[in-house]
**Student:** 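The structure that follows is given in the form of structure tokens.
We count residues from 1, following the sequence as given.
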Amino acid sequence: MNAGSTVLEKPLWVAIAFMLLVRAVLVVRYGVSFEISDKLWQLLDADVLRTDPVRSLYFLHAQPPLFNALYAVSLKLPAGGGPIFLQTIYILSSITMVVVFHFFLRRFGYGAVAAAVGAAGFSILPQVLLYENMFQYAHLEATLVLCATFFAAIYLSGHRLGAFAGLACCLVALALLRSLFHLGWVAFTLLVIWYVGRSRSERALPALLVAVVAIAVVTSLYVKNFREFGVFSPSSWQGINTASVTLPVRAGDTEAFPAMANDFRGRLARGDFSPSAALAVAATNFWAGWVPTARGCRAEVPLPPALCEIKKSNGEENYNNIAIIRYSAELNRDAVHALRLYPAFYARRVAASFMTFFGTPSWSYAKPGPALKAYGDTWDSLLLFQPNRAFSPERRHDTGLMLLASRFLSASLPLCALVLAGTIFIVARGFVEGIGYLRGRRDTADWIFPLLVVALFVVLPNFINGGEADRIRYTIEPLLLLALARGAVMFSRRTRSTTQ
């Protein structure tokens with residue numbers, strides 16, 4: 001299926017018109033608006049970004065710079081122009097996903113009308129509507145991942161240098177948008193796609209040069225952070241993330257795991273853990289345990305406000321403060337130590353994260369307005385998702401395995417089956433197509449890149465972060481839906497051939 005001819009199909013344009021009509025109704029009839037929260041931890045102080053954007057972005061170590069760069073551009077626009085600028089980007093992202101979704105459905109063998117209906121249905125899913133109207137990076141991630149899937153598929157089937165360059169640009173943008181897409185994964189993915197396609201491409205060397213340039217661009221962010229802060233990473237938060245999985249520092253951990261929490265506090269008193277671990281335990285919010293060690297902005301030690309502010313102009317903590325670097329580094333060492341001491345605790349954390357990843361709707365993470373909330377509640381009922389089972393008063397004091405059991409009771413079993421089926425299909429199909437392509441038995445290999453993305457999202461968020469797994473899954477949900485659509489076509493064809 002040719003990409004250019006697919007874009008010109010009338011049913012696709014009807015699907016896009018339907019998508020825009022739904023947005024117009026939500027805005028005019030239900031008052032849905034684009035939400036920008038300056039309380040997001042990932043955002044720098046709005047006043048700092050407004051007055052000194054370039055310097056502030058350079059000294060950003062908490063997160064990769066692209067998300068804050070978009071925010072900085074919006075702040076520079078005339079009054080009222082910033083939200084419109086950002087919302088336009090997010091709506092264009094949705095249109096892009098609809099077009100790519102339609103392309104793949106046609107590629108899988110669906111008719112033009114059926115593919116357009118599927119793409120239109122995708123555009124009105126609750127998670128798409130929710131994240132499209134929130135200034136967070138999830139919607140941009142999902143768009144870039146889907147576009148990267150498109151470019152990877154086009155490159156492996158047509159061997160065009162432009163397609164490989166498009167893939168490289170998407171991966172660079174992802175790496176500059178979110179730390180999850182780290183340098184190792186970007187380099188590995190580009191080199192795998194290049195290696196798989198090189199035997200059939202006459203432009204293998206130019207494609208390799210594109211990969212090297214893309215890897216160098218991402219590496220420059222790591223080098224900058226290492227030179228300025230001694231951290232060879234796109235984010236200085238990783239130690240805090242990991243500690244939240246292996247240490248009992250989250251709210252409610254003392255009640256849920258009393259024996260382990262008491263042992264940890266005893267070891268902490270004896271000096272087995274770092275001073276930062278003590279700060280984390282003492283803090284109401286362990287993410288802000290670094291605050292007592294922060295010195296603020298002082299004339300004798302001139303630092304950019306992005307690094308020395310303890311609180312932003314809106315009263316929230318500045319999680320790009322330079323004090324968080326040492327705090328996170330010490331907690332990272334503590335996390336490794338705790339993993340050896342409390343492996344069962346870590347295993348339960350990981351199990352709970354997987355339950356959330358597979359069985360919790362991605363739209364349940366945020367708190368939308370009444371219209372989108374009612375729409376999400378309707379889908380909760382359809383998918384038999386009942387979060388109140390886990391958080392009801394009688395479940396409040398569950399501990400250990402009972403805590404995991406209550407989490408299981410709250411999960412949506414139909415959603416769990418769909419996510420699991422989509423994941424298994426992508427992994428299996430990715431290996432089958434990759435091997436067949438390398439052996440010359442296939443001319444396409446659409447599922448190699450999705451395999452690499454899904455592997456990243458199954459491993460890192462659950463084993464390293466252990467939180468917000470439902471929101472994180474939204475990034476790959478378009479791929480999971482495409483996998484289910486592809487599986488349905490394959491099953492239908494096999495059924496018909498068996499009948500005949």
**Student:** Hey, what do you get for CG (Leu418) to CG (Leu383), rounding to the nearest 0.5 Å?
**Tutor:**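 Here the rounded value is 7.5 Å.
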
**Student:** Would you indicate whether Lys373, at its atom NZ, is surrounded by more than 12 heavy atoms from other residues, nucleotides or ligands within a distance under 6.0 Å?
**Tutor:**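 Counting neighbours around NZ of Lys373, 12 or fewer heavy atoms of other residues, nucleotides or ligands fall under 6.0 Å, so no.
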
**Student:** Pick out which of Arg178, Arg473, Arg471 makes a salt bridge (Lys or Arg N to Asp or Glu O under 4.0 Å) with Glu141.
**Tutor:**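 Only one of Arg178, Arg473, Arg471 forms a salt bridge (Lys or Arg N to Asp or Glu O under 4.0 Å) with Glu141, namely Arg178.
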
**Student:** Using a 6.0 Å cut-off, check whether atom OH of Tyr30 has over 12 heavy atoms from anything other than its own residue.
**Tutor:**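 Open: at most 12 neighbouring heavy atoms sit under 6.0 Å from OH of Tyr30.
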
**Student:** Angle between ring planes, Phe264 versus Tyr342, binned at 30° and 60°: parallel, tilted or perpendicular?
**Tutor:**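 Answer is perpendicular, since the angle exceeds 60°.
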
**Student:** Please report the interatomic distance CH2(Trp185) to CG(Leu190), rounded to the nearest 0.5 Å.
**Tutor:**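 If I round to the nearest 0.5 Å, the distance is 8.0 Å.
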
**Student:** Please report the C-alpha distance between Arg349 and Asp253 in whole Å, then the side-chain angles of each, then the deciding distance to 0.1 Å, and finally whether the salt bridge (charged side-chain N to carboxylate O under 4.0 Å, His left out) criterion is met.
**Tutor:** CA-CA 11 Å; Arg349 275 272 210 265; Asp253 281 348; 2.6 Å; yes

**Student:** Roughly how far, to the nearest 0.5 Å, is the CE atom of Met260 from the OG1 atom of Thr254?
**Tutor:**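 Rounded to the nearest 0.5 Å, the OG1-CE separation comes to 10.0 Å.
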
**Student:** What about Tyr90 and Tyr131, are their ring centers closer than 6.0 Å?
**Tutor:**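 Distance test on ring centres: not under 6.0 Å, no.
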
**Student:** Pair Glu132, Ile91 - check side-chain contact (heavy atoms from CB on, under 4.5 Å), show working.
**Tutor:** CA-CA 7 Å; Glu132 180 191 300; Ile91 291 176; 3.8 Å; yes

**Student:** Check the pair Phe463, Phe354 against ring pair (Phe, Tyr, Trp, His ring centres under 6.0 Å), reporting the backbone distance first and the verdict last.
**Tutor:** CA-CA 9 Å; Phe463 286 96; Phe354 270 109; 5.4 Å; yes

**Student:** When rounded to the nearest 0.5 angstrom, what distance separates CZ in Phe358 from SG in Cys416?
**Tutor:**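 The distance works out to 7.0 Å.
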
**Student:** Should the SG-SG distance of Cys297 and Cys308 be recorded as below 2.5 Å?
**Tutor:**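 Bridged: Cys297 to Cys308.
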
**Student:** Using side-chain contact (heavy atoms from CB on, under 4.5 Å), reason through Phe286 and Ile240 one step at a time and then give a plain yes or no.
**Tutor:** CA-CA 9 Å; Phe286 77 91; Ile240 307 176; 3.7 Å; yes

**Student:** Any chance you could measure Leu49, atom CG, to Leu44, atom CG, to the nearest 0.5 Å?
**Tutor:**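 These two atoms lie 5.0 Å from each other.
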
**Student:** Measure the acute angle between the ring planes of Tyr319 and Trp287, then classify it against the limits of 30° and 60° as parallel, tilted or perpendicular.
**Tutor:**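 Tyr319 and Trp287: perpendicular rings.
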
**Student:** So how far is it from Asn318 CG to Ile322 CD1, rounded to the nearest 0.5 Å?
**Tutor:**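 Asn318 CG to Ile322 CD1: 11.0 Å, rounded to 0.5 Å.
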
**Student:** Quick check: closest heavy atoms across Leu307 and Phe59, and the distance to 0.1 Å?
**Tutor:**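 Scanning both residues, the minimum pair turns out to be CD2-O, 3.3 Å.
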
**Student:** Take atom CZ in Phe232; do more than 12 heavy atoms of anything else shown fall under 6.0 Å from it?
**Tutor:**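 More than 12 within 6.0 Å, yes.
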
